[in-house]
Amino acid sequence: MSKMCLNKVALVFIFFMLTSFSWAEKKFNLYIGTNYIADPTIARFEKLCNCKLYQNYFNDNGELLAKIAAGASGYDVMVPTSYAVTDLIAMHKILPLDKSKLPNLQYVDKKFLSEPYDQGNKYSVPYAYNPVFLAYNVDKMKELGINPNTWAVVFDPKYLVKLKGRITMFNSSRNVFAVALLYLGKDPNSTNIADLKAAQNLINRASPYWAKFDSDSYYRGLLRGDIWVSQSYSIDIFKAMSDARNSHAKITIGAQLQKEGNMYELDNLVIPASTHNVNDAYAFINNALLPQSEYELSNLTGSSVPSQIAIKRLDNSIASLDWIYPHDMSKLQTFIAYPPKIRILTNEMWTEIQMQCREICSTCSYAQDN
Amino acid sequence: MIKLTEKRALSWPPLLYLILMFMVPMGLMLIIAFMEPGDYGGVKPLISHINGKLHLDLNLDSFILVFSSEFVWQLMVRSIIYSLVTTIICLILSYPLSLMIARSAKKYRDILLLLVIIPFWSCFLIRVYAWMIILGPDSGVTHIINSIISVLGFPPVNLLYSTFAVIICLVYVNLPFMILPLYANLEKHEMDLLDAGRDLGATRFQLFWKVTVPLSLPGVLVGSALVFIPCIGMFVVPELVGSNCSLMIGNLIKQQFLQGMNWPLGTVTSIVMTVSVLSISLIVGFIAKNSNGFKYASK
């Protein structure tokens, strides 16, 4: 008797298992930075694949690489920045792309294709980019008579003494080293150890004046008024400016590119090797490359998109902004991956820069000669 | 009645859980500490083939790096000092409060305790963010403090992104961990002892110092441990409200795993931290155990 009862229970259980499986929605996992895809684009994709898209966020490419290197899986598409693509390729963590499945690649501006980090776009296609520049409190700059059109504002003590404790720089070794190298007139992707040491020296002398290293919430500091100058992404500043407008804040945030040149983070769509949803992943990428999606992205988040058709449709208030769509792209550079040895070296330098408390050095010479 | 063997059998699942979730990761940590960092995070393989020979890649590089670099020790010492200061401030703030709650009428005690616990219902991060607003340069608090010190002739100060802000937040998030064990201890004190002391002519201060304080030492010890130990590994608070000069050892560990991609270095730093916390706890525990109050209280 009890055996029969048990059988019945087992049958009911199996029935429920089966039905629940057939009803379970299909999931699609996207690994992306925050605020980096427009809702209409998501809706269009969900209709296309008949699935639900889940966004998983990362703050920093280092975080993405660390997580993937440690064996994280379950993502169907990731959006890493240029140099991280090279690392992911070397780690065999992403799939080579079948271009025949990506007809919308034709809409991507040719000048963003075949960048040095992935020659011939074998593994990645460009999605959007973010120039990195200085954003600032307009009134304070006027008051102090500072024109933040140069990286000297965050490196030269002439400016630093007026801005002590009011500057934030990115919590990212690549970004801070790159602007230090630009300021020194060197190649921002330099792997020359003497160049890197010179950059480290420069950063060490300037960092006592900086409030903190922050690449996540720095724009809140700008909005609150306690931070006056920030190394910034266009996408964050676009959001901060609209937040300031919506909340009728008294603070006006300004942004501009620097004369020594700027970096831009070209972010890419890649398919992780661990995905089981390859077809949906291609569908996602194809949808994201559609000029309509790129338009929505640029219009809603202020990201710069590599699609002329999308840019033409944009309102002039976005398309004409130099810090979103730079007039002179030749002064902007992307990051190229470091060889492992140099990366370990710069990581050690960076740890020291970040962790060591330094006093302001009044006797140091700040000349650009080193 | 449950037999002893059955009792033992019941203790197996939690024991197994502890072994799997605590001992195994600890063992892994110990091994990783001696390995070489991998090119892309993680570690290099333990055994490599060079010219057909097997090589066991274990070395002391990470230990040498940690013990020889000045800033790791700066961070370590700073973390210990911050945690000690936080513990002491928490103790000074909690003792009168716990005593007040313990000595108040029974019907108010639960409400008073609830008031202590209520902030815990909101997320830890939100509470730290609230402090960022309170300490921000445009907040009322900052304006009042700066106008007072400007009258005294000092230049205005930044409250946020400073050691001061880190300590304030550390004290704030840890305070209930001191209050609750202290209250639990103080509440159990027998009033007869105080009455006896009073009959023998002790003053109020003597009653407090010679009866209440020694009896409360176990509570003080538990509270201090509950504050000090989590405090030393804290990384969120210094990251949010601290400056470059108020980072703690937890920040270094996090940075090595998430940004630096140097697992062995992160692991060695964790081990150094664990060993220091353990030895400090043991020393304090030993001293307390040999004190008279503790001996009496544990009778």
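Everything numeric in this text was worked out from a predicted model, so none of it was measured. So that the names make sense, note that chain A is the first sequence line, chain B the second, and so on, each numbered from 1.
Counting heavy atoms from C-beta on, the side chains of B/P137 and A/R166 come closer than 4.5 Å. A/Q356 is listed as a side-chain neighbour of B/E70, based on a closest heavy-atom distance under 4.5 Å. In this structure, B/L65 and A/E348 have side chains that are in contact, with non-hydrogen atoms separated by less than 4.5 Å. Side-chain atoms of A/Q354 and B/Q259, non-hydrogen and from C-beta on, do get closer than 4.5 Å to each other.
In this structure, chain A has a heavy atom under 4.5 Å from the side chain of B/N262, while its backbone stays farther away. Residue contact with chain A, scored on non-hydrogen atoms closer than 4.5 Å, involves the side chain of B/Q255 exclusively. In this structure, the portions of A/S207 lying under 4.5 Å from any heavy atom of chain B include both its backbone and its side chain. Interface remark: B/L75 contributes side-chain atoms only to the contact with chain A (heavy atom separation under 4.5 Å). The contact between B/L160 and chain A is made entirely by side chain atoms (from C-beta outward), counting heavy-atom distances below 4.5 Å.
Most heavy-atom pairs under 4.5 Å with chain B: of the set A/I344, A/N171, A/D214, this distinction falls to A/N171. Looking only at heavy-atom pairs under 4.5 Å with chain B, the residue among A/G225, A/S172, A/A211, A/G71 that has the most is A/A211. Taking chain B as the reference chain and counting heavy-atom pairs below 4.5 Å, the highest number among A/D226, A/I68, A/D60 is found for A/D226. Taking B/F257, B/W263, B/Y161 one by one and counting their heavy-atom pairs under 4.5 Å with chain A, the maximum is reached by B/Y161. Among the candidates A/M91, A/E63, A/K67, A/R220, the residue making the largest number of heavy-atom pairs closer than 4.5 Å to chain B is A/M91.
Minimum interatomic distance between B/M261 and A/G62 (heavy atoms only, all atoms of both residues): CE-O, 4.3 Å. A pairwise comparison of heavy atoms in B/E239 and A/K212 identifies O-NZ, 3.2 Å as the closest pair.
Annotation: A/F58, atom CZ; neighbour count of heavy atoms from other residues, nucleotides and ligands within 6.0 Å is above 12. Heavy-atom contacts from other residues, nucleotides or ligands closer than 6.0 Å to CD1 of A/I193 number 12 or fewer.
With rounding to the nearest 0.5 Å, the separation of CE in A/M355 from CD in B/Q256 is 7.5 Å. Taken from CG in B/L247 to CZ in A/F213, the straight-line distance is 9.5 Å, to the nearest 0.5 Å.
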